[in-house]
Each structure stands twice: as C-alpha cells, then as structure tokens.
Amino acid sequence: MTLQLFNSLGRKKEPFVPRIPGQVGIYVCGITAYDYCHIGHARVMVCFDTLVRHLRAGGLQVTHVCNFTDIDDKIIRRALQEQVAIEELTTRFIAAFHEDMAALGVKRADVEPKATEHLPEMRTMIATLIDKGLAYESGGDVFFAVDRFPSYGRLSGKHLDELESGARVDVDLRKRNPLDFVLWKGAKPEEPHWPSPWGDGRPGWHIECSAMGVKYLGEAFDLHGGGRDLIFPHHENEIAQTEGATGKPWVTCWLHNGFVNVVDETGQKEKMSKSLDNFRTIRDLLAAWRGETIRLFLLNSHYRAPLDFSLELLDAARAGLDRLYGALRAACEVLDVLPEPTAVYWAREQQERPDGHAQRFREAMDDDLNTPRALAVLFDLARMINRTVGECQHGGDKASLQQQVALLRGLGAILGLCGDAPEHHFRFCPADAAGQESEQGRLSDEAVERLIEQRTIARRNRDFAGADRMRAELAAGGIVLEDQKERTLWRREA
RNA sequence: GGCCGGGUGGCGAAGUGGCCUAACGCAGAGGUCUGCAAAACCUUCAUUCGUGGGUUCAAAUCCCACCCCGGCCUCCA
C-alpha cells in the first residue's frame, strides 16, 4: 500500500507519487509574524511536521519550506500600536514561533523564507503577469485580472459568476473585476516601501508564497499545505498567479487541515481565530501542559476533521501520554538503557519487522495520515510492553522487550512522541499561574527524593503509619508515589 | 443564497457495504498484585452509529428527504 493523500484539488484521496522519484517538495503556508501563535497554528505545524516525518520514514528526501509573512497591514498596524520598528516586531514573533514549535516537537523547515527578502522574485513574477496581460496597473496598485485566468475557482470549487453575485464589501473602483486581487500596493505615507517599475510600494500577500514557492521548490512541485481557511482566496490566488506566470501546472497535491474550534460555557462553538479574539496561545498552555501533551491532543483526531478545543481534553491527552511513558518507564525497570528514539525507517526495517504493529502503524499513516489509528497502535504496544515487563520480572526474555520498546520509540518518533526520558515527562512541573500559593507549596525534585528516602526507611522498619504520613505530605505537594520492588518512583500530578 | 466539513458510548475519537454484537484513549465498575496505595494486568462498560424513508442476502458505511453544529464566499492556520 502506498501513501494516499486527500487532494483538495479534486477532493478525493489519491496515491501520492513524487514528481521526481525519491524526492518531495512541500510548501506550507506559515504565519504572519505579528502575534503569538495559537492552537490553530499549532495544528497546521504539527500536522505537516508529522507528514514530513512520515515521508522521510518512507525513505523520501523531503525539502520542507515554510514561509514567514513579515510585511503586511496587520504587522504595520501592530508595530504602530506598540511603537516599535516593524523588523523588531517580526523578529520577536518569529523567535517566539520557533520556541513554541520546538516545545511542540515541530522540526524546523529546511527553508524558512521571509517575504521582505524576496522582493526581486516577486517583482519579476508581477512583471511577467503584466507582460502576459494577466495583471494591470491601476491607481498606483497592480491587480491580478481573474477573468484572464480561466480556471480561477477550481481549487475552492467556486465559479466566478457566483462569486460576483455574492454580496461583496468594498467595491474598489480601480479594479476591473471586484474579485481582482492586489499584487503590488502603492506606497502610503509612513509605511515601509520598496521600489518597483510601478512606483514605490509593497507586495500583496498572495504573491509572496507564489514567488518563494517557485524559488525554492520550482515551477512544479508535489505538496502545498495550510489551514482550510487558506483555500479561498489565498491558495486560489497563488495558483492563478503562479500558473498564470509559468503557463504550467504548479502544485500536484493541495493539503488542508481542519479548524480548531472553541466551545464556550453555553456550548456555542466557533472557529478559533485572531479576529474573533477567542484564541489560546500555545505559550499560555505551555505553562500548564507539556508541549508533547498538546501534540498528542492534536494528533488524536484526523487532521482534516474539525477539532474542538478544551482544557479537559488536554487533561485527557496528558493521561494518555502518562500511559505511553508509563510503559517506557516500566521497561526501564528491566532494561538498563532505553533504545534511541530514532524514527523507524521503513525501507530498512520492514523485512525485519513482520510483526503486526509496525504494519498497522504504517497502513494507518499511509491512509491519508490517519494519526488516531496510528496512535492506537502505540497504545497497543504500550500494553504489550507492560505485559512483557511483567514476564521479564518473572524470568522472561529481555530481547523481545527490547524490541517492543525500540518499536514504540521508533514509531513514536514518526508522530513526534515518546522521545523523552520518562522521568522528564513525569516530573514536569507546571509553571502555570495556578497560584502563588503553589509557589511555596511546590516541592523541588531534591526535596521529594529526600522525603521518599525517609519514607523508605520507615517502611523498612515497618513503620507504616509514619510512611503514610510522609506519603500524604508528598501528595499535598502534588506528588504521587509508585512503590516498585527495589525503589519508589514518583510523578507530579497535573 | 452558493459552496465545504462534521453529527458514532459519560467524554474524545477511528471505522465509510459483510472481519463492526463498532479500534484506541480518558473517565467509571469489579478483580489480581500491594502493609496500604499508586502503577500495571485481567474482566466489564454502544445489539448501536443525528432523524425518517429507501436500495441490498447484508448499511454506521450507498441513495433520498429532513434536523442540528461549524466553516468559507472579506483578513484569518
């Protein structure tokens, strides 16, 4: 079975066949750097990071491009509000983006181009479009003429005539067709601008992805992804510009992930978005939950389905992750070292692993990135590991345990999970504002270890009342104990 | 108005014609283990898949109608 992906262009699953055997180019629409990222952004990045990991596990050489929009209306407005230079603002939020993504286990893209660093490419493309009669100057701006691109609307399933009849705001008299979109905006006073044959100004939003996509991945490449909300008009416009300029088909397969919705107290749902001001930033959440927990939460539903966000669901995800790491930790009781969390590489591994788990995992991922099903395999493996640990403790064979744990880590790595030391997971200490009082009440790792030692002595002396008192003391600090044969493990409760 | 997703157990979520008396996770119940716990393991937890029709030997899965939720058509991941 080969990888099948749901192509938004045509709205059906298709076998994924790289244009160049063994190689894949993927462009993911990144962020506009003017604010912190929220769960919606996290979803896109985790989703495509996972896809890239899976492609690589399949032996493909992937070039992953993810851009930054570092000039646009919102950025200008925000910089003005905060009284900072535009570049300072964008630099700050790009750095924040990198931090957040690192916490979520999202690998850096191979290329992270910025719009402001690609003015020449954009101008060239605009010039070509004008030459070809697909774009025109009007009132200091340059517009793309949608009428001149016959397949406009193909991606979004919209027809020009229907769009035009729809109620549209702001009829711009400089446009020949109200749907024409701007490629180049004439400079306004006080705004950053660059020179161009059509006068000073700055690029429109859509053109940057076209120009940078072509530059780094070519006039034709395999995959282009982003959130559902980008289908129209952003991606529709990208296609029109690029294919208009090059005269040939651009992207083979368009991928779009579903929204993250927010449910309020009354049960009302709505899409999480900046403009609705109902978003939770990743950074907020990272105070109370590990990034990996957020990642598991996101991967627990299929990427194209809508996803409702709630704190309760994050707690459930944390409990699920506890289970996975619990198995790894149990394995530590038998194995001296855990196998490296290196992603399974199918080309090499598949013959050696006829065992059902790897197979099931791969089939799930190959089926349009069915991460919930892939995750189920991980949980099944965890159960098996727990069982095997029990057998090992009764004199069973360690080799199969070693293999199972290696598989859990190897498959986990494709999802970007289970890569840490179990203790790192269980001792995670929420830095969250849950309270100032918790600041004092919080026990340091060392203090916990000390109390546990005392308790061990008490238990040895069969002073169970004393031991229970110490356990209660630890419990008050959010510490849960697990007595093993030889030692006592502990974890912090959420 | 046009177009697009989604409605599966207490919750989340797979499954899209027979392996489904519905995977997996969370929560719950009982048991084993334990000084007691915790964790783990075992057992249990939807004869039912928004509603009503229909097609079929067979439907959560296909067709028709309807209801509900969300989104896009304007910046948005």
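Chain naming here is simple, since letters A, B, ... match the order of the sequence lines and numbering starts at 1 in each. Keep in mind it's a predicted model, so treat the numbers as computed, not measured. Hydrogens, waters and symmetry mates are skipped; everything else that's a heavy atom, side chains included, is used.
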Inset, instruction - For B:U51 versus B:U56, give the span between their P atoms, rounded off to a whole number of Å. - result: 23 Å
Inset, instruction - For residues A:Leu481 and A:Arg455, determine if any side-chain heavy atom of one lies less than 4.5 Å from a side-chain heavy atom of the other. - result: yes
Inset, instruction - Decide whether A:Gln4 and A:Asp367 meet the rule of one side-chain donor and one side-chain acceptor closer than 3.5 Å. - result: no
Legend entry - Side-chain H-bond candidate by donor/acceptor type, A:His118 with A:Tyr216, under 3.5 Å: yes
Legend entry - Over-ring placement of A:Arg492 relative to A:Phe426, 6.0 Å and 45° cut-offs: no
Inset, instruction - Would you indicate, yes or no, if B:C72 has its OP1 or OP2 atom less than 4.0 angstrom from a side-chain nitrogen or oxygen of A:Lys271? - result: yes
Legend entry - Consecutive-pair stems (at least three Watson-Crick or G-U pairs, under 3.5 Å) that include RNA chain B: B:1-7 with B:67-73, B:10-12 with B:24-26, B:28-32 with B:40-44, B:50-54 with B:62-66
Inset, instruction - For nucleotides B:A65 and B:C24, find the distance between their C1' atoms and express it as a whole number of Å. - result: 35 Å
Legend entry - Per A:Ser275 side chain, nearest of listed nucleotides B:G71, B:A38, B:C76: B:C76
Inset, instruction - Using a cut-off of 6.0 Å, state whether more than 12 heavy atoms not belonging to A:Glu190 lie near its atom CD. - result: no
Legend entry - Residue pair A:His256 / A:Phe6, side-chain heavy-atom distance below 4.5 Å: no
Legend entry - Inter-nucleotide P distance (B:A27, B:C41), Å rounded: 13 Å
Legend entry - Under-4.0 Å side-chain N/O to phosphate OP1/OP2 contact, A:Arg387 with B:C42: yes
Legend entry - OP1 or OP2 of B:G15 under 4.0 Å from side-chain N/O of A:Asn370: yes
Legend entry - Among B:A40, B:C73, B:A77, the nucleotide that comes nearest once only the side chain of A:Asn386 is considered: B:A40
Inset, instruction - Specify the residues of residues 453-469 of chain A, ordered by number, for which at least one heavy atom lies under 4.0 angstrom from an atom of RNA chain B. - result: A:Arg455, A:Arg459, A:Phe464, A:Asp468
Legend entry - Touch class at under 4.0 angstrom, heavy-atom based, for A:Met45 against every strand present: nothing
Inset, instruction - For A:Tyr152 and A:Asn237, test the side chains for any donor-to-acceptor distance below 3.5 angstrom and give the result as yes or no. - result: yes
Legend entry - Inter-nucleotide C1' distance (B:C49, B:A13), Å rounded: 13 Å
Inset, instruction - Describe, in one word, how the ring planes of A:His206 and A:Phe181 are oriented to each other, choosing from parallel (under 30°), tilted (30 to 60°) and perpendicular (over 60°). - result: perpendicular
Legend entry - Nearest-angstrom distance, C1' atom, B:U16 to B:G7: 14 Å
Legend entry - Closest to side chain of A:Asp229, choosing from B:G35, B:C76, B:G5: B:C76
Inset, instruction - Using the P atoms only, state how far B:A46 lies from B:U32, rounded to an integer number of Å. - result: 24 Å
Inset, instruction - Name the nucleic acid region contacted by A:Gly326, choosing base, sugar-phosphate or nothing; use a 4.0 angstrom heavy-atom cut-off, strictly under. - result: nothing
Legend entry - OP1 or OP2 of B:A40 under 4.0 Å from side-chain N/O of A:Gln393: no
Inset, instruction - Answer with base, sugar-phosphate or nothing: what part of the nucleic acid does A:Lys158 contact at a heavy-atom distance below 4.0 Å? - result: base
Legend entry - P gap between B:C72 and B:A58, integer Å: 43 Å
Inset, instruction - Among B:A77, B:G5, B:G70, find the nucleotide with the atom closest to the side chain of A:Leu230. - result: B:A77
Inset, instruction - Tell me what A:Leu481 touches on the nucleic acid: a base, only sugar-phosphate, or nothing, going by heavy atoms under 4.0 Å. - result: base
Inset, instruction - Look at the aromatic rings of A:His425 and A:Tyr325 and report parallel, tilted or perpendicular, splitting at 30° and 60°. - result: parallel
Inset, instruction - Give the nucleotide from the list B:A77, B:A14, B:A39 with an atom nearest to the side chain of A:Ala305. - result: B:A14
Legend entry - Which residue lies more 5' along RNA chain B, comparing A:Pro306 with A:Arg471 via nearest heavy atoms: A:Pro306
Inset, instruction - Give me the ring orientation class for A:Trp254 and A:His224: parallel if the planes are under 30° apart, tilted from 30 to 60°, perpendicular past 60°. - result: parallel
Inset, instruction - Produce a footprint string for nucleotides 20-26 of chain B: one letter per nucleotide, 5' end first; B if the base is under 4.0 Å from any protein heavy atom, S if only the sugar-phosphate is, - if neither. - result: ---BSSS
Inset, instruction - Output the single nucleotide from B:A77, B:G70, B:C75 whose closest atom is nearest the side chain of A:Trp205. - result: B:C75
Inset, instruction - Apply the test side chain to side chain donor-acceptor pair (under 3.5 Å) to residues A:Thr488 and A:Glu482: give CA-CA distance (whole Å), side-chain angles for both, the deciding distance (0.1 Å), then the verdict. - result: CA-CA 6 Å; A:Thr488 297; A:Glu482 290 173 32; over 6 Å; no
Inset, instruction - For A:Arg295 and A:Leu104, indicate whether the former's side chain and the latter's backbone hold a donor-acceptor pair under 3.5 Å. - result: yes
Inset, instruction - Mind checking A:Gln268 for me? I need base, sugar-phosphate or nothing, with any heavy atom below 4.0 Å counting as a touch. - result: sugar-phosphate
Inset, instruction - With heavy atoms under 4.0 Å as the rule, sort A:Gln484 into base, sugar-phosphate or nothing. - result: nothing
Inset, instruction - Step through the shown structure and confirm whether more than 12 heavy atoms of other residues, nucleotides or ligands are within 6.0 Å of CZ on A:Arg92. - result: yes
Legend entry - Criterion side-chain contact (heavy atoms from CB on, under 4.5 Å) on A:Arg78 and A:Leu89, from CA distance to verdict: CA-CA 8 Å; A:Arg78 189 64 172 263; A:Leu89 185 87; 3.9 Å; yes
Inset, instruction - Round to the nearest Å and state the distance from A:His234 atom NE2 to B:C75 atom P. - result: 11 Å
Inset, instruction - For B:C4 and B:C62, measure between their P atoms and round to the nearest Å. - result: 16 Å
Inset, instruction - Using a 4.0 Å heavy-atom cut-off across all strands, classify A:Asn261 as base, sugar-phosphate, or nothing. - result: sugar-phosphate
